[in-house]
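One structure is given below, encoded as structure tokens.
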Amino acid sequence: MKPSIPQGTRDFSPADVRRRQYILQTIRGVFELYGYQPLETPSMENLSTLMGKYGEEGDRLIFKILNNGLNDPKNAAKAKTAFERVLEGKNDPGLTERALRYDLTIPFARYVVMHQNELAFPFRRYQMQPVWRADRPQKGRYREFWQCDADVVGSTSLVNEAELLGIYREAFHRLQVPGIEVRINSRKVLAGLAECCGAAEALTDITVAIDKIDKIGLDGVQKELVQRGLDEENISYITRFLSIQSEYGATDHESRLEAMAGLLSQSETAQTGIAELRQTLAYHKQLQNDAWTSRIVVDFTLARGLNYYTGLIAEVTTSAVKMGSIGGGGRYDDLTGLFGLKGLSGVGISFGVDRIYDVLEELGLFPAQLASGTRIIFVNIEPQAEPVLFGYLNQLRAAGIPAELYADRVKFDKQMKYADKRNIPYVGIVGASELEEGRINLKDMQSGEQRKLEINELIAVLSQA
RNA sequence: GAGGUAGUAGCUCAGUAGGUUAGAGCGUCGGAUUGUGGUUCCGAAGGUCGAGGGUUCGAGACCCUUUUACCUCCCCA
């Protein structure tokens, strides 16, 4: 049988894992720095927890888990009727009642509701775990991928928004990704647009269409709006809305906000949204670090799919690589309401680790020293030396230096080749003569230089390198 | 979920209008070199041509099905 793995999944070889851990650790460090606490939830949730939370499209992409025991004769009738319902496109607990998690936000909301009495609100947590989607794989799109989320619930303050934007910028600064743009918008402005253009009920159609303007241009958006049933009057208003976006420089926030406030003066919702954007930017300005090269862009065409967002929405892209967004988030006023806990507002962001990986790879931004963990390997050429080498290993490891011994006594050059292939920077050679001298012949694999050292000197050399 | 392109050695690929035992480079392994890797030289192994079925005297090539990757749409990280 030819081995294979499921569509859209990947193996991660040692070098891949090190690189992924580098990303994960960098992001984790920033989360911790901003006072977020770690949380983990199960890989699978009850199907009812997930269904209906991501829109129709989302429901279709949830990986469902088949119930056990379907072949038990006493379940047969139930399973058969359940299967009939599934064929009709419905779910039935007789066949499946669990599913793999689709994102980290809904499980988080579920967690908050279940543990509301133990938590100190505002509750800030971060979560870094894989999620699964039955999407068709493409470049940068997998069926199993990791998300890194930071959310805070129980606070409506825009300080949270401002800090989350800071987390994005700090993390990408540390990862040294160039061309980072954190685009922000407010769902309230979009709702105001729908109101003002006379098609309040078509909010989703409008947002889905204008979100594509980067891809299909103004003409394309207009066509799509027609297709989605908007009339000429609606569309001409939306066109004016879109022109505000292109009229000002990318970072001329204030002019853009002012123009938008003028256009949407009839909508109280939109005015609130604009005021919130202003306040978020003002807070963020005080929190930001001058070293950050990324920029914040107010982008009124930004929509984002997940329909639970109600306030600020954000998305991260880099101009350095052709790739979809590498992060996104927003505020949701009533996420926990879905699980019976009303009045808790939350806001959060997510990092797309797998896409960030692809970006770093493409730009060659991974630090070189991620290659190997082992600092020194002892070649095994002299049987008498083994007890001494064990002692050296113990001392090196006690000093925190990753060290290993080539376990099999095979040909010298084979052992050297192994060290070379593993990218281990130093080789320790102890043969008969070194044994007699009580020293180690230390070879620097990069320069090829060798020198004889005592173990204490060797530890000193490797500690500082 | 809809459409398109592709799948030949571990990797990157070649393979003439269907015609003997399917090739190259890189890598792997062995040797030159039983105390010195990354360079060099010599040699070897490695493929039921993604899988299944069909057309044909004959299929890596043509047809169908299936699977996987990539691209577009949908949607999204």
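In what follows, chains are A, B, ... by sequence order, proteins preceding strands, each numbered from 1.
Using a 4.0 Å heavy-atom cutoff across all strands shown, A:Gly329 reaches no nucleic acid atom at all. If you check every strand for non-hydrogen atoms under 4.0 Å, A:Val208 touches sugar and phosphate atoms only. Contacts of A:Ile429 with the nucleic acid, taken as non-hydrogen atoms under 4.0 Å apart, include base atoms. Within the 4.0 angstrom heavy-atom criterion, base atoms lie near A:Glu434. In this structure, A:Tyr142 reaches the bases: a heavy-atom distance under 4.0 Å links it to at least one base atom across the strands shown. Across all strands shown, A:Glu382 has no heavy atoms under 4.0 Å from either base or sugar-phosphate atoms. Counting non-hydrogen atoms under 4.0 angstrom, A:Gly448 reaches a base of the nucleic acid.
Protein atom CZ of A:Arg228 is 12 Å distant from nucleotide atom C1' of B:C73, rounded to whole Å. Counting to the nearest Å, the P atom of B:G1 and the CD1 atom of A:Ile62 are 15 Å from each other. Taking atom CZ on A:Arg355 and atom C1' on B:C76, their separation rounds to 6 Å, with Å as the unit. Rounded to an integer number of Å, the gap from A:Lys215 NZ to B:U72 P is 7 Å.
Atom name C1', nucleotides B:A51 and B:G60: the rounded distance is 14 Å, in whole Å. Spacing between B:A32 and B:C13 at atom P, rounded to whole Å, works out to 36 Å. Nucleotides B:C26 and B:U20 have their P atoms positioned 27 Å apart, rounded to a whole Å. Using P as the reference atom, B:C64 and B:G7 are 15 Å apart when rounded to the nearest Å. Taking atom P in both B:U39 and B:C76, the straight-line distance is 49 Å, to the nearest Å. A distance of about 15 Å separates the C1' atoms of B:G50 and B:C70, rounded to the whole Å. On the C1' atoms, B:A59 is 28 Å away from B:A45, given to the nearest whole Å. Nucleotides B:U8 and B:G47 place their C1' atoms 8 Å apart, quoted to the nearest Å.
If you check the side chains of A:Glu32 and A:Tyr126, you find a donor sitting under 3.5 Å from an acceptor. A donor-acceptor contact closer than 3.5 angstrom links the side chains of A:Trp292 and A:Glu170.
Between the base of B:C75 and the side chain of A:Arg141 there is a donor-acceptor pair shorter than 3.5 Å. The base of B:G38 does not come close enough to the side chain of A:Asp420 for any donor and acceptor atom to sit less than 3.5 Å apart. The base of B:G37 sits within donor-acceptor range of the side chain of A:Lys443, with an N or O pair under 3.5 Å. Below the 3.5 angstrom threshold, one finds no donor paired with an acceptor across the side chain of A:Gln450 and the base of B:G35.
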Problem set entry | 5'-to-3' dot-bracket of RNA chain B (Watson-Crick, G-U; under 3.5 angstrom; crossing pairs as [ ]; | other strand) | (((((((..((((.....[...)))).(((((.......))))).....(((((..]....))))))))))))....
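Under the salt bridge (charged side-chain N to carboxylate O under 4.0 Å, His left out) criterion, A:Asp333 pairs with no residue at all, not counting sequence neighbours. A:Asp354 meets the salt bridge (charged side-chain N to carboxylate O under 4.0 Å, His left out) test with A:Arg10, A:Arg20; sequence neighbours excluded. In this structure, the ring pair (Phe, Tyr, Trp, His ring centres under 6.0 Å) partners of A:Tyr418, at least two apart in sequence or on a different chain, are A:Tyr406.
A salt bridge does not link A:Glu97 to A:Lys64: none of the charged nitrogens lies less than 4.0 Å from a carboxylate oxygen. The residues A:Lys443 and A:Glu449 are annotated as not salt-bridged, no charged nitrogen and carboxylate oxygen being separated by less than 4.0 angstrom. Salt bridge present: A:Glu163 and A:Arg124 bring a charged side-chain N and a carboxylate O closer than 4.0 Å. Between A:Arg143 and A:Asp135 there is no salt bridge, since none of the side-chain N atoms of the basic residue sits less than 4.0 Å from a carboxylate O of the acidic one. Taking a cutoff of 4.0 Å between a charged side-chain nitrogen and a carboxylate oxygen, A:Arg183 and A:Glu315 qualify as a salt bridge. Between A:Lys417 and A:Asp413, at least one side-chain nitrogen of the basic residue sits less than 4.0 Å from a carboxylate oxygen of the acidic one, meeting the salt-bridge criterion.
In this model, the phosphate group of B:C74 is approached by a side-chain N or O of A:Lys212 to a distance below 4.0 Å at OP1 or OP2. OP1 or OP2 of B:A69 lies within a sub-4.0 Å distance of a side-chain N or O belonging to A:Gln7.
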Exercise. How far apart are the C-alpha atoms of A:Tyr357 and A:Phe366, what are their side-chain angles, what is the distance that settles it, and do they pass the ring-ring contact (aromatic ring centres under 6.0 Å, His included) test?
Worked result: CA-CA 9 Å; A:Tyr357 182 100; A:Phe366 284 108; 5.2 Å; yes
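Of the two residues near RNA chain B, A:Ser350 and A:Ser433, the one whose nearest nucleotide lies more 5' is A:Ser433. Of the two residues near RNA chain B, A:Ala134 and A:Ala432, the one whose nearest nucleotide lies more 5' is A:Ala134.
Other residues, nucleotides and ligands place no more than 12 heavy atoms under 6.0 Å from the CZ atom of A:Phe83.
Ring centers of A:Phe351 and A:Phe31: under 6.0 Å apart, within the cut-off.
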Seminar exercise, completed: Contact string for nucleotides 2-7 of chain B, one letter per nucleotide 5' to 3', B = base within protein heavy-atom range under 4.0 Å, S = sugar-phosphate only, - = neither, reads BB----
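Under the stacking definition used here (centres under 5.5 Å, planes under 30°), the residue A:Phe145 qualifies as stacked on the base of B:A77.
Contacts between residues 405-416 of chain A and RNA chain B, defined by a heavy-atom separation below 4.0 Å, involve A:Lys411, A:Phe412, A:Asp413, A:Lys414, A:Met416, listed by number.
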